[in-house]
Enquirer: 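What follows is a structure written as structure tokens; I'll ask about it next.
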Amino acid sequence: MQLQAIIEALSLSACEEPVENSEVRGGYCSDLLSDVMGKAAPRSIWVTNQAHPNVIAVASLIDAAAVIIAGGIQLEAGTMQKAREMAIPVFATDMPAFEVVGRLYELGVRGTVRGV
Amino acid sequence: MTARGTGALMSVTYEIVAGDFVRAGEAASKLKRVLQQLGLDPTIIRRAAIATYEAEMNIVIHSYGGHISVDITCDSIEILCEDSGPGIPDIEKALQEGYSTASEDVREMGFGAGMGLPNIRRSADDFSIESRIGQGTRLQVRILHRAGE
């Protein structure tokens, strides 16, 4: 499904990156970066409570469609800047991760794991 | 990044700074772009990105600094990671999924889950690691590919 539809359905605050025709093929939820690195499938939307800049490096390496930082976690200085540099759409929300994943599932987004 | 003149199609070296969590991951990102420009298969690129990212994080977290040198030949990606640092006392243990010596602070950031070396080994066609206590660690990874396919 289109990222834009998810942004509207979850009322995510607009990130600074323009999001045009970005396709989301699945979802992944984890706070362990090596777990995400090893298992998240390309074009996943990644839900996490981690908010430091290295999240963006991981998101870029796995070809994530977007990152949702859940639970009202304050983004660290540098995370948005890195997101702009690497053209990764990042959204912060007060919704807890469980709620975010549940809503995404309702929208038809399914968990995906990369084939080895 | 510096290019070296060897028999490889392309060689790159990335310096890795210990404790720099903001820049950590840049070597893997840069290598990924190089491999994309060479037109390698996305699955191969992902495996190289995983191995390089995990090795890079290990150098950032555990060593005093090091470098990652990558030779891309017509049929393989050779990743050599060398650091100066405390070394790994028990490599067999370090290779076990879930075993980690990372600090609590580092774990809170989502690193140090004890998945780094296992991820590297899974991504590699050939994998070797040697470590000297008080000196450092040398990790070699080979990923086979067929260029242009």
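Throughout, protein chains are lettered first and strands after them, A, B, ... in sequence-line order, and every chain is numbered starting at 1. For the numbers below, each heavy atom of this structure counts, side chains included, while hydrogens, waters and symmetry mates do not. Being a predicted model, the structure only gives us computed values, none of them experimental.
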Enquirer: Picking from A/V36, A/L61, A/T79, A/L32, which has the most non-hydrogen pairs under 4.5 angstrom with chain B?
Expert: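 Max contact count across the listed options: A/L61.
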Enquirer: Answer yes or no: is there a side-chain heavy-atom contact under 4.5 Å between A/I62 and B/Y53?
Expert: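 Not touching, per the 4.5 Å side-chain cut-off.
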Enquirer: Is B/R107 salt-bridged to A/D31, cutoff N-O under 4.0 Å?
Expert: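 Salt bridge between B/R107 and A/D31, a charged N being under 4.0 Å from a carboxylate O: no.
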Enquirer: Any side-chain heavy atom of A/D63 within less than 4.5 Å of one from B/K32?
Expert: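 Yes, their side chains come closer than 4.5 Å.
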Enquirer: Which atoms form the tightest heavy-atom contact between B/G25 and A/A57, and what is the distance?
Expert: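 Shortest heavy-atom separation between B/G25 and A/A57 comes out as CA-CB, 4.2 Å.
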Enquirer: Mark yes or no for whether B/E54, through its side chain, and A/G38, through its backbone, hold a donor-acceptor pair below 3.5 Å.
Expert: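 A pair under 3.5 Å: no.
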Enquirer: Same cluster or not: are B/V17 and B/L80 linked, directly or through other Ile, Leu, Val, Met, Phe, Trp or Tyr residues, by side-chain heavy atoms under 4.5 angstrom apart?
Expert: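 No: no chain of side-chain contacts under 4.5 Å links B/V17 to B/L80.
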Enquirer: Can you give me the closest heavy-atom contact between B/V22 and A/P53, atom names plus distance?
Expert: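 Here B/V22 and A/P53 meet closest at CG2-CG, 4.4 Å.
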Enquirer: Can you hop from A/Y105 to A/L10 via hydrophobic side chains spaced under 4.5 Å?
Expert: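 No, because A/Y105 and A/L10 fall into different hydrophobic clusters, even though each may have its own neighbours under 4.5 Å.
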Enquirer: Using non-hydrogen atoms and a 4.5 Å limit, figure out which bit of B/E26 sits close to chain A: side chain, backbone, both or neither.
Expert: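 Side chain of B/E26 only, per the 4.5 Å heavy-atom cut-off to chain A.
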Enquirer: Which value, rounded to the nearest 0.5 Å, describes the distance between A/R114 atom CZ and B/R46 atom CZ?
Expert: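 Reported to 0.5 Å precision, the distance equals 4.5 Å.
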Enquirer: Which atom names give the shortest non-hydrogen contact between A/Q50 and B/G110, and what distance separates them?
Expert: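 Closest heavy-atom pair between A/Q50 and B/G110: NE2-N, 3.2 Å.
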Enquirer: If you define the side chain from C-beta out and look only at heavy atoms, does anything of B/F111 sit under 4.5 Å from A/H52?
Expert: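 In short, these two side chains touch, coming nearer than 4.5 Å.
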Enquirer: Quick one: pull up OG in B/S123 and CE in A/M37 and give me the separation to the nearest 0.5 Å.
Expert: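 These two atoms lie 8.0 Å from each other.
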Enquirer: Could you pull out all residues at least two apart from B/T52 that satisfy side-chain contact (heavy atoms from CB on, under 4.5 Å)?
Expert: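 B/T52 satisfies side-chain contact (heavy atoms from CB on, under 4.5 Å) with B/A28, B/L31, B/I68, B/I79 once adjacent residues are dropped.
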Enquirer: Quick check on the hydrophobic clustering: are B/M115 and B/M57 connected, directly or via other members, by side-chain heavy-atom contacts under 4.5 Å?
Expert: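 No, separate clusters.
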Enquirer: Answer with side chain, backbone, both or neither: which region of A/N49 has an atom nearer than 4.5 Å to a non-hydrogen atom of chain B?
Expert: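 For A/N49, there is no contact with chain B at all, as no heavy atom is under 4.5 Å.
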Enquirer: Could you please state which residues from residues 91-103 of chain B sit under 4.5 angstrom from chain A, measuring non-hydrogen atom to non-hydrogen atom, sorted by number, or 'none'?
Expert: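 The residues closer than 4.5 Å to chain A amount to none at all.
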Enquirer: Between atom CE of B/M109 and atom CD of A/E76, what is the distance when rounded to the nearest 0.5 Å?
Expert: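 If we round to the nearest 0.5 Å, B/M109:CE and A/E76:CD are 6.0 Å apart.
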Enquirer: Taking the side chain as everything from C-beta on, heavy atoms only, tell me whether A/N54 gets closer than 4.5 Å to B/F21.
Expert: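 They are not in side-chain contact.
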Enquirer: Which bit of A/V55 comes within less than 4.5 Å of chain B, counting heavy atoms only: side chain, backbone, both or neither?
Expert: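 No part of A/V55 comes within 4.5 Å of chain B.
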Enquirer: Verify the neighbour count for atom CD of A/E23: are there more than 12 heavy atoms of other residues, nucleotides or ligands below 6.0 Å?
Expert: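 Correct, the count exceeds 12.
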Enquirer: Can you name the nearest heavy-atom pair linking B/A24 to A/K82, along with the distance?
Expert: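 It is O-NZ, 4.1 Å.
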Enquirer: If you group Ile, Leu, Val, Met, Phe, Trp and Tyr by side-chain heavy-atom gaps below 4.5 Å, do B/L144 and B/L40 land in one group?
Expert: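 No, because B/L144 and B/L40 fall into different hydrophobic clusters, even though each may have its own neighbours under 4.5 Å.
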Enquirer: Please classify the contact between A/I56 and chain B as side chain, backbone, both or neither, with a heavy-atom cut-off of under 4.5 Å.
Expert: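 A/I56 has no heavy atom closer than 4.5 Å to chain B.
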Enquirer: Could you state whether A/V24 and A/L104 fall into the same hydrophobic cluster, counting links through intermediate Ile, Leu, Val, Met, Phe, Trp or Tyr residues with side-chain heavy atoms under 4.5 angstrom apart?
Expert: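 They do share one cluster, since a chain of ILVMFWY contacts under 4.5 Å joins A/V24 to A/L104.
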